[in-house]
Amino acid sequence: MENVFHVLKERGFIEQCTHEEEIEKLLGEESVSFYIGFDPTADSLHIGHFIQIMVMAHMQRHGHRPIALIGGGTTMIGDPSGRTDMRQVMTPERIAENGEKFKKIFEKFLSFEDDKAVMLNNAEWLLPLNYIDFLRDIGAHFSVNRMLAAECYKSRMEKGLTFLEFNYQLLQAYDFYVLHQQQGCKMQFGGNDQWSNIIAGVELVRRKDGKQVYGMTFSLLTTSEGVKMGKTAKGALWLDPEKTSPYEFYQYWRNVADADVKKCLALLTFLPMEEVQRLGALEGAQINQAKEILAFTVTEIIHGENAAHEAQNAARKLFAGDNGDAEIPSVDLSKAELGDGRDIVFLLEFAKLIPTRSEGRRLIQQGGVLAAGEKVTDPKAVYTASDFKDGKLVLKKGKKAFKQINLI
RNA sequence: GGGAGAAUGCCCGAGUGGCUAAAGGGGGCGGACUGUAAAUCCGUUGACGACGUCUACGAUGGUUCGAAUCCAUCUUCUCCCA
């Protein structure tokens with residue numbers, strides 16, 4: 001079987017390794033147990049986590065054993081790495097709830113049968129810890145001097161870092177130590193922002209057990225301009241269809257910058273690299289084909305084939321100017337609520353295309369609103385039941401935002 | 001524990017008694033150009049019953065005809081000393 005290290009390297013996942021040659025050798029020789037930690041700070045995973053999930057999937061396909069670690073314990077502290085502000089302290093109930101949701105998502109991407117992958121929660125061993133014992137056993141191995149010098153705290157050295165957060169690294173290192181002992185875990189992966197935490201774990205295992213374990217980090221998904229990808233107007237690009245609809249999700253990828261197409265295909269899909277190369281090399285208007293494939297494939301992996309087809313059809317129809325079908329994101333408006341007619345601003349607000357009525361008026365004045373294909377020029381224009389063809393009215397805001405109102 | 005300073009719109013950041021819904025930048029949104037791209041350019045960016053009204057410059061109270069700007073108390077944060 002092909003060495004997964006080469007696959008990950010070729011696809012551009014790998015950013016830093018603790019011991020490149022040894023890791024390559026190890027992954028080529030035996031089935032390795034490795035772990036990636038996910039802190040349940042929100043009620044859904046987002047696209048940043050998805051990269052890590054892809055890595056686990058690639059690894060599992062090549063015969064290795066993923067340990068998906070849910071950070072029920074570490075989330076009680078909050079990881080300060082690479083952040084400019086302190087994380088909000090979360091209640092244990094919320095953390096547990098979010099953790100359950102994470103579990104369900106992992107089950108979609110990994111096979112947990114026959115111990116081919118395991119899912120654990122570090123709350124199990126972190127919550128019962130005794131402070132004094134922990135300090136003596138684990139804390140003694142850490143150098144504050146070294147920790148402070150680490151790049152990941154840099155921005156926090158200016159703004160302030162609490163002792164609570166400062167302890168995060170010890171806990172993550174301890175996770176690795178526990179997993180090494182209990183699960184024979186030899187590697188830890190993570191986003192590039194996890195580098196310091198991962199090295200800390202590698203060193204702790206070496207000091208405590210005298211064993212060599214390894215760490216590797218993966219590129220964070222950034223645009224060619226270095227901005228974090230996966231940000232939408234509403235915040236993160238979530239994997240949960242309730243939080244980010246498959247259509248929105250599809251559109252996000254359909255609209256990535258030319259320069260990022262190849263990278264996204266390599267990191268977010270399982271398409272063979274020859275295909276990725278070919279698609280990424282397309283130029284001019286042709287690269288739109290590659291973007292369609294990217295959008296469809298990623299949506300398919302996350303939301304399934306049907307949802308991907310629906311999203312694609314809706315997008316194609318809307319951008320082809322054919323507003324005829326029901327796959328467009330829509331809202332229902334009762335006849336009673338429409339009454340003798342409502343003004344355009346009401347309809348825009350009702351369809352959640354605008355946050356305030358002022359925004360709606362401004363938009364109309366700037367010529368950014370189309371109703372049933374006609375540009376709306378008067379903010380006071382009133383729409384009645386007769387304007388709904390077959391009980392439908394498609395509103396278009398700008399070039400890319402559509403919403404259909406169904407009269408019921 | 002002692003001392004110094006800061007808190008402004010989504011973010012950064014000017015403003016130190018009326019001309020301030022608050023400069024400038026970033027971001028967002030709309031338009032032009034295009035390929036549902038990037039870059040660029042133009043416009044816009046508190047809300048609402050919209051040439052007017054209301055709410056806003058950490059919180060509360062006060063001085064004043066009038067406060068983001070002055071005073072008092074409080075809260076939070078940063079820095080220096082311990």
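The figures here come from the full heavy-atom set of this structure, side chains too, leaving out hydrogens, waters and symmetry mates. Here is the naming used below: chain letters follow the sequence lines, and residue numbers restart at 1 for every chain.
Salt-bridge check for Asp258(A) with Lys291(A): passed, with a basic side-chain N closer than 4.0 Å to an acidic carboxylate O.
With both ends at atom P, the span from rC54(B) to rA39(B) equals 43 Å, rounded to whole Å. Atom P of rU69(B) sits at a distance of 14 Å from the matching atom of rC19(B), rounded to the whole Å. The same atom, P, is picked in rA68(B) and in rG1(B); the two are 35 Å apart, to the nearest Å. When the P atom is used for both rA21(B) and rC57(B), the distance is 14 Å, rounded to whole Å. Remark: the separation of the P atoms in rA47(B) and rC10(B) is 10 Å, to the nearest Å. Rounded to a whole angstrom, the distance from the C1' atom of rG58(B) to that of rU76(B) is 8 Å. A gap of 23 Å separates the C1' atoms of rU34(B) and rG27(B), to the nearest Å. Between the C1' atoms of rU63(B) and rC70(B), the separation comes to 8 Å (whole Å).
A perpendicular orientation is assigned to the rings of Phe13(A) and Phe218(A), their planes being inclined by more than 60° (bins at 30° and 60°). Aromatic ring orientation, Tyr177(A) versus Tyr174(A): tilted (interplanar angle from 30° to 60°). The aromatic rings of Phe249(A) and Trp253(A) sit perpendicular to each other, their planes meeting at more than 60°, with 30° as the lower class boundary.
Taking the nucleotide of RNA chain B with the nearest heavy atom to each of Asp258(A) and Lys375(A), the more 5' of the two is matched to Lys375(A). When each of Pro355(A) and Lys291(A) is assigned the nucleotide of RNA chain B with its nearest heavy atom, Lys291(A) is the one assigned upstream, toward the 5' end.
Shown here, rU55(B) forms no base pair; nothing in the strands shown gives a Watson-Crick or G-U wobble contact with both key distances under 3.5 Å. Base pairing analysis places rG43(B) opposite rC29(B); the two distances defining the Watson-Crick or G-U wobble pair are each below 3.5 Å. As the counterpart of rG66(B), no nucleotide is assigned, since no Watson-Crick or G-U wobble pattern has both distances under 3.5 Å. Base-pair partner of rG24(B): rC12(B) (Watson-Crick or G-U wobble, both distances under 3.5 Å). In this structure, rA6(B) and rU76(B) make a Watson-Crick or G-U wobble pair, each of the two defining distances being under 3.5 angstrom.
The nucleotide whose nearest atom lies closest to any side-chain atom of Gln366(A) is, among rA37(B), rG30(B), rC48(B), rG30(B). For Arg362(A), whose side chain is taken as the heavy atoms from C-beta onward, the closest listed nucleotide among rG49(B), rU44(B), rU36(B) is rU44(B). Nearest nucleotide to the Ala257(A) side chain, out of rC29(B), rA38(B), rG35(B): rA38(B). Here rG35(B) is the nucleotide among rC29(B), rG35(B), rU36(B) with the atom lying nearest to any side-chain atom of Ile287(A). If you check rU34(B), rA37(B), rU44(B) against the side chain of Lys399(A), the one that comes closest is rU34(B). In the set rC33(B), rU36(B), rC29(B), rU36(B) carries the atom at the smallest distance from any side-chain atom of Phe319(A).
Among the protein residues, Gln286(A) comes within range of no part of the nucleic acid, since none of its heavy atoms lies under 4.0 Å from any strand. Within the nucleic acid shown, Val256(A) comes within 4.0 Å of sugar-phosphate atoms alone, with no base atom in reach, counting heavy atoms only. Among the atoms of the strands shown, base atoms are found under 4.0 Å from some heavy atom of Gly284(A). Using a 4.0 Å heavy-atom criterion, one finds that Thr356(A) contacts the sugar-phosphate atoms exclusively. Within the 4.0 angstrom heavy-atom criterion, only backbone atoms of the sugar-phosphate kind lie near Lys397(A); the bases stay farther away.
Phosphate proximity of rG49(B) to Arg357(A): present, with a side-chain N or O under 4.0 Å from OP1 or OP2. Distances shorter than 4.0 Å separate some side-chain N or O of Lys400(A) from OP1 or OP2 on rA37(B).
Rounded to an integer number of Å, the gap from CG of Leu370(A) to P of rU36(B) is 16 Å. When the P atom of rA37(B) is taken as reference, atom OH of Tyr252(A) falls 14 Å away, rounded to whole Å. Between Leu279(A) atom CG and rG35(B) atom P the separation is 20 Å, expressed in whole Å. The distance from atom CG of Leu265(A) to atom C1' of rA37(B) is 15 Å, rounded to the nearest whole Å. Protein atom CD1 of Ile364(A) is 18 Å distant from nucleotide atom P of rC29(B), rounded to whole Å. Lys352(A) places its NZ atom 19 Å from the P atom of rC29(B), with the value rounded to the nearest Å. Nucleotide rG30(B) holds its P atom 12 Å from the CG atom of Leu348(A), rounded to whole Å. Summarising the geometry, the separation between CZ on Phe346(A) and P on rC48(B) is reported as 14 Å, rounded to the nearest angstrom.
Checking Asn122(A) against Asp175(A) by side-chain atom types alone, a donor-acceptor pair falls below 3.5 Å. With no hydrogens or angles considered, no side-chain donor-acceptor pair links His309(A) and Glu300(A) at under 3.5 Å.
Here the side chain of Glu2(A) pairs no donor or acceptor atom with the backbone of Val7(A) at under 3.5 angstrom. Judged purely by atom type and a 3.5 angstrom limit, His49(A) uses its side chain to pair as donor or acceptor with the backbone of His46(A).
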